[in-house]
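Report on one structure; see the data block that follows.
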There are 2 protein chains.
Amino acid sequence: MPQFHLESFLPYELAQLSEQVSREFSALYRERFGISIPEWRVMANLSQAGTLSVREIHTRAGMDKSKVSRAAARLETAGYVAKTEDASDRRLVALSLTEAGRGLIEEITPLARAYEAQVLDRLGAGAAPFRDGIRRLLDG
Amino acid sequence: MPQFHLESFLPYELAQLSEQVSREFSALYRERFGISIPEWRVMANLSQAGTLSVREIHTRAGMDKSKVSRAAARLETAGYVAKTEDASDRRLVALSLTEAGRGLIEEITPLARAYEAQVLDRLGAGAAPFRDGIRRLLDG
DNA sequence: AGCCTATCGTTGCACTTGCAACGATGTCAA
DNA sequence: TTGACATCGTTGCAAGTGCAACGATAGGCT
């Protein structure tokens, strides 16, 4: 019988953990605000940068550009994001948060911080080396 | 301007890392053997346990049971997995690897170990605490 | 035995996803 | 200026996904 110990296989563990954490966190805002994970990511990027094109979010966040485009379309319909034609390059769409969008970010931010703190608590003293490891792998 | 630092937000980092690692690893077998990530996971579980029902893989691997069912169907068509009716409980489908399936596992296993070693190398001395952190979070 | 409820695996459905192709716009050199 | 090529965001399409509902089977209670 060939054997492969999947549950101690790093890519598998990471996938399990990532899905668990994403699910737990998105549960905090999905039902309450009606936005999905890609939508939240677009908004969080905009909250940080002010104005971004679809392409910039695609690059920053590693999201497919069609994913960004559709998330932005839904967010525009929901009133959280404004889409403007870039004045100096009309191919670009300038995305930015509306007033409602900024309000939503302000509501979610404390939830996000609290959730993150709760996760880090579970790691105790291991939190620092854990985050260190993540960053080292993400850079490579 | 409300701000939220997404790139240092743990759920986001984990999602990025997990996707990167899954993508890198699946590239090693996807094209060569024509199997997807869910299919690989089903096979790896079977290689470990010998025979499992759809429900057991669903529980073990945290995969939706329809996902398991469809992966198993594709793997049966591909000749890697056999589906048998459980003798003592006819509701159950007994999944097991075929000879071809075992051969595939034997080909992928060294690739998996090599990839994992390469990732752990990037972590150096931080590898042990990193894995520790993953396991601690997965248990909770 | 007969019924009631639980559990199994599959399937229908609506939705999301990644990829490729498209029209629109920009850039640059002849 | 014109033409060739690059880049932007959107959309069509096929495939995958989670969820709920389904028929089939099992188990327990009377």
Side-chain angles (χ1 to χ4, degrees), chain A residues 15-16 18-20 22-27 30-31 34-42 45-46 49 51-78 81-96, chain B residues 15-16 18-20 22-27 29-31 34-43 45-46 49 51-78 81-96:
Chain A
Q16 294 266 94
S18 165
E19 194 181 344
Q20 170 188 310
S22 278
R23 187 177 297 265
E24 284 176 2
F25 175 55
S26 75
R30 185 207 286 264
E31 194 178 348
I35 67 173
S36 67
I37 293 177
E39 285 156 22
W40 150 254
R41 287 193 188 157
V42 166
N45 273 282
L46 291 177
T51 296
L52 291 170
S53 68
V54 171
R55 172 73 174 175
E56 285 169 318
I57 296 180
H58 153 70
T59 303
R60 275 170 158 258
M63 291 168 64
D64 189 89
K65 58 182 181 168
S66 64
K67 204 172 181 176
V68 177
S69 174
R70 291 190 249 241
R74 288 190 291 259
L75 288 169
E76 187 189 29
T77 300
V81 159
K83 292 169 70 173
T84 313
E85 182 182 76
D86 186 294
S88 65
D89 185 340
R90 294 196 336 233
R91 293 173 304 178
L92 303 185
V93 172
L95 300 172
S96 57
Chain B
Q16 294 266 95
S18 165
E19 194 181 342
Q20 170 188 309
S22 277
R23 188 178 296 265
E24 285 176 2
F25 175 56
S26 74
Y29 60 78
R30 183 209 288 265
E31 195 179 348
I35 67 173
S36 68
I37 293 177
E39 286 156 19
W40 151 254
R41 287 192 187 157
V42 167
M43 293 195 63
N45 274 282
L46 291 178
T51 296
L52 291 170
S53 68
V54 170
R55 172 72 174 177
E56 284 168 321
I57 296 180
H58 154 71
T59 302
R60 276 172 159 256
M63 292 167 65
D64 190 90
K65 58 182 180 168
S66 64
K67 204 172 181 176
V68 176
S69 174
R70 292 191 248 243
R74 288 189 292 259
L75 289 169
E76 186 189 30
T77 300
V81 160
K83 292 170 70 174
T84 312
E85 183 182 76
D86 187 294
S88 64
D89 185 341
R90 293 196 338 230
R91 293 172 304 178
L92 304 184
V93 172
L95 301 172
S96 58

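Side chains are part of it too, since the values below use all heavy atoms of this structure and drop only hydrogens, waters and symmetry mates. Every chain is numbered from 1, with letters handed out A, B, ... down the list of sequences. Keep in mind that this is a model prediction, so the values were computed, not measured.
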B:Trp40 CH2 to B:Leu75 CG distance, which is reported to the nearest 0.5 Å: 12.0 Å

Contact check, side chains of B:Thr51 and B:Leu95, non-hydrogen atoms, under 4.5 Å: no

Euclidean distance, atom NE2 of residue B:His58 to atom P of D:dG18 [Å, nearest integer]: 11 Å

Sugar-phosphate, base or nothing in reach of B:Lys67, heavy atoms under 4.0 Å: sugar-phosphate

Protein-nucleotide distance (B:Glu85, atom CD; D:dA26, atom P), rounded to Å: 8 Å

Identified side chain to side chain contact (heavy atoms under 4.5 Å, CB included) partner of B:Val68 from the options B:Glu56, B:Met63, B:Arg60, B:Arg41: B:Met63

Rounded distance (Å) that lies between atom P of D:dA26 and atom CZ of B:Arg91: 7 Å

Qualifying residue, where the test is side chain to side chain contact (heavy atoms under 4.5 Å, CB included) with B:Leu52 and the options are B:Thr59, B:Val42, B:Ile57: B:Ile57

Nucleotide D:dT25, atom C1' - distance to CG of B:Leu92 in whole Å: 9 Å

Rounded distance [0.5 Å steps], OG in B:Ser53 versus NZ in B:Lys65: 11.0 Å

A:Lys65 or B:Glu19, whichever maps to the more 5' nucleotide of DNA chain C: B:Glu19

Exam field: side chain A:Glu19 to backbone A:Gln16, donor-acceptor pair closer than 3.5 Å: no

Side-chain-base donor-acceptor pair under 3.5 Å for B:Arg70 and D:dG18: yes

Nearest-0.5 Å distance, CZ of residue B:Phe25 to CZ of residue B:Arg30: 12.5 Å

Nucleotide D:dC8, atom P - distance to CZ of A:Arg90 in whole Å: 16 Å

Earlier contact from the 5' end, DNA chain D, for A:Ala94 and B:Ser66: A:Ala94

Sugar-phosphate, base or nothing in reach of A:Ser36, heavy atoms under 4.0 Å: nothing

Bounds of contact between DNA chain C and chain B, in 5' to 3' order, using a heavy-atom cut-off under 4.0 Å: C:dA6 to C:dG12

Given DNA chain D, 5'-ward residue of the pair B:Ser88 and A:Ser53, judged by closest heavy atom: A:Ser53

5' precedence on DNA chain C between B:Arg23 and B:Arg55 (nearest-nucleotide basis): B:Arg55

